[in-house]
Amino acid sequence: MAIACTIYPLHRAQADSSAEIAQLRSMVFQLQAQVKELQKNQKSSHTNTHHPSGATQAHTMPSGTNRSPYRTTAHLGQTNPPPLSSQPDDALAGPIRINNQPVAPFSADPAPLTEAQGQSTVKSINLSSSSPTALTQTEVDSLPPIFKIGSVSVKLGGFVDMSNIYRDKNLTAGPATPWGSFPYSGNPNAHASEYRPTAQLSRFSLLIEGKPAKGVTVEAYVESDFGGSGSNSNAVQTNSYVPRMRQAYLAADDRDLGLHFLAGQAWSLTTGYTNTLLRRHEQLPPVVDSNLIPGVIFTRVPQVRFIKDFHRKWWLGLSVETPQATLGFDDSTLDSGGNIPPAMGQTSGPHVIYNSTGTGMLDPEAHYSLDAAPDIVLKGAVDTSAGHYELYGLARWFRTIVVNGGGSGGVGGQAHSRVAFGGGVGGSMAVPLLAGKMQLVGDVLAGKGVGRYGPSQLPDMTFRSSGAPAPLREIIGSLGLIGHPTDNLLLYTYGGVEAAHRSIYEGADGNYYGYGSPNANLSGCSIMLGTCNAQTQSLASYTMGGWWHLLDGRYGSVMTGLQYTYVRKFAFRGVDNAGNASRPTANGNTVFVTFRYYPFQN
């Protein structure tokens, strides 16, 4: 059986639309493939049977098409197509032509890519940004969707991390270093080092995006790592650490109106940004430690945020965020619900409640402060050719419940809610230098009760003699340089500081109480196994490190990082056993050696 197919020149195609020509071209490819298959069958059967004139030969149409190719040809001006047998087999040997131009033979398999072509499609990790998003987050925005559901795209991002951590002081800590906990010399842990390998920083993210209207985007974003610690987590045999929620939020943008909305857990608006004020543009240092480095301002909390942009240059944002308050007090034995020492001229101190343990899906082993109102952040920013600059105000409220009078422990007394206002003013910048080969970055926050916004976790407040909260005056800041001398190398260095002022009242016994008492006995801080009542006044740090690409290709990217951080902690001045002034200090050295694989960066 011999089958022949004639495709007439489309001499009238110039007058038809490009859409019709494209459709015809697709059908030609399908017919060509079918004819070749029939030829192959004909040759293998060695038959010369032809269909009689006028017989109909069935053809399989391209998927989604309900018209035959002959009807399409007739629409283009061609009528009465001849039988398939009207052309000899040799007519199929030459190339099919459209508009007298040869058409490449149809192939079900794509042409193989050369090595050079394959490398040109690789999505390299951007190391030139002042906050390389693949290092600090997951760079999921720039990745292609894994699949689509209608008009909704689904993207995956993340990396597998293996970090080797060395500290010259034993903190018994994972990959989130408690920077303010480096021990003084009287603590045995100050004389033991720590090696802590971990894969807990491995991270995964999911971004779901939809476009309900022109210029409007809605999305859901979830980001997780293995920084959680379950009741059975240990380092003995299986190291079974559990996933935790880093970020989880919904967001919407109307680009035409310049309006942006976010609701969920995300980086605080107090965090600096590389540009804009939009999510996943945070100015995070490219360090490994999950607690970043001292002096960098951040929290990651549930919030509701509204952003307005003006021509994508000026930005104004308002964020209402989850509050929490941390306490510092000279009496380390004080628990919530206890009596603080009485002030001068009083016989007994008030009964003070300042936190409660969690219930109802909150951690029952954690303490939560008695918050009166959310933290509120109002920020303005501008993007210029000379860099990105921000200025913001932070408002906070602190509350205690004070019970006065009554018998022992305040029984029978009267309860009063005491609220104090705090907050501060802050800003940040990201400035390009040396034609973009280097960036100068920095942030600062100064005010009352802002300790929780620093990685060293200085306390937010202490007590007045009445039991009312007393927010501490504090300052947090950092300055850094990020350079990328080559495409596969990034280097960085940072300096940071966090400091608090003392807040005290004079007790009935002549001692001072609050935070930073000048007559606290600090002798035990330098005596082995002695009792150390030192309270941190300031903490300074220096960090340097870098990232280097080991491999890049269609399989992803493999990188290695090296980071070193030096920390020095200063206590408030007190006295020793002889009544002489004493000011304990402590220092610590931390080294990270990290290997990461980014499977989605291709």
Sorted by chain and number, sequence neighbours left out, salt bridge (Lys or Arg N to Asp or Glu O under 4.0 Å) with Glu219 holds for Arg279, Arg280
Show me the pairs that pass salt bridge (charged side-chain N to carboxylate O under 4.0 Å, His left out) and involve residues 425-452, at least two apart or across chains. Asp375-Arg452
Does the gap between the ring centers of Phe261 and Phe306 come in under 6.0 Å? yes
In the structure I gave you, are the side-chain heavy atoms of Tyr273 and Lys379 within less than 4.5 Å of one another anywhere? yes
Minimum side-chain heavy-atom gap Gln200-Ser229 below 4.5 Å: no
Mark yes or no for whether Arg167, through its side chain, and Gly588, through its backbone, hold a donor-acceptor pair below 3.5 Å. no
Think Lys308 forms a cation-pi with Phe310, using NZ or CZ under 6.0 Å from the six-ring centre and within 45 degrees of its axis? yes
How about Tyr515 and Phe572: are their ring centres within less than 6.0 Å of each other? yes
Determine, stepwise, if the pair Val567 / Thr590 fulfils side chain to side chain contact (heavy atoms under 4.5 Å, CB included). CA-CA 8 Å; Val567 172; Thr590 300; over 6 Å; no
Measuring from atom CG of Asp460 to atom OH of Tyr453, what distance do you get when rounded to the nearest 0.5 angstrom? 8.5 Å
Pro178 side chain reached by Gln457 side chain, heavy atoms, under 4.5 Å: no
State whether a side-chain donor-acceptor pair under 3.5 Å links Gln137 with Glu223. no
Heavy atoms of Ser503 and Thr462 approach each other most closely as O-CG2, 3.7 Å
Is any side-chain heavy atom of Tyr221 closer than 4.5 Å to one of Thr138? yes
When rounded to the nearest 0.5 angstrom, what distance separates CG in Asn355 from CG in Leu327? 8.0 Å
Given Thr400 and Met461, is the side chain to side chain contact (heavy atoms under 4.5 Å, CB included) satisfied, shown in steps? CA-CA 11 Å; Thr400 61; Met461 69 175 196; 4.2 Å; yes
Keeping Ser202 on the side-chain end and Asp161 on the backbone end, is there a donor-acceptor pair under 3.5 Å? yes
Residues which pass salt bridge (Lys or Arg N to Asp or Glu O under 4.0 Å) with Lys569, listed by chain and number, not counting sequence neighbours: none
Without swapping roles, check the side chain of Glu194 against the backbone of Ala173 for a donor-acceptor pair under 3.5 Å. yes
Any Trp397 side-chain heavy atom under 4.5 Å of Ile376 side chain: yes
CD on Glu282 to OG1 on Thr133, rounded to 0.5 Å: 10.5 Å
Can you tell me how far CD of Gln265 sits from OG1 of Thr322, rounded to the nearest 0.5 angstrom? 8.0 Å
I want to check something: taking the side chain as every heavy atom from C-beta on, are Phe182 and Thr177 in contact at a cut-off of under 4.5 Å? yes
For Asp309, which of Arg312, Lys313, His311 qualifies under side-chain contact (heavy atoms from CB on, under 4.5 Å)? Arg312
Asn275 versus Asp383, side-chain donor and acceptor atoms under 3.5 Å: no
Distance, nearest 0.5 Å, that separates CG of Leu284 from OG of Ser131: 5.0 Å
How about Tyr195 and Asn164: do any of their side-chain heavy atoms sit closer than 4.5 Å? yes
Any side-chain heavy-atom pair from Leu445 and Glu474 closer than 4.5 angstrom? no
With side chain to side chain contact (heavy atoms under 4.5 Å, CB included) as the test, would you mind laying out the steps for Tyr392 and Leu269 before giving the verdict? CA-CA 9 Å; Tyr392 64 89; Leu269 192 58; over 6 Å; no
Side-chain donor/acceptor of Asn187 to backbone N/O of Asn189, under 3.5 Å: yes
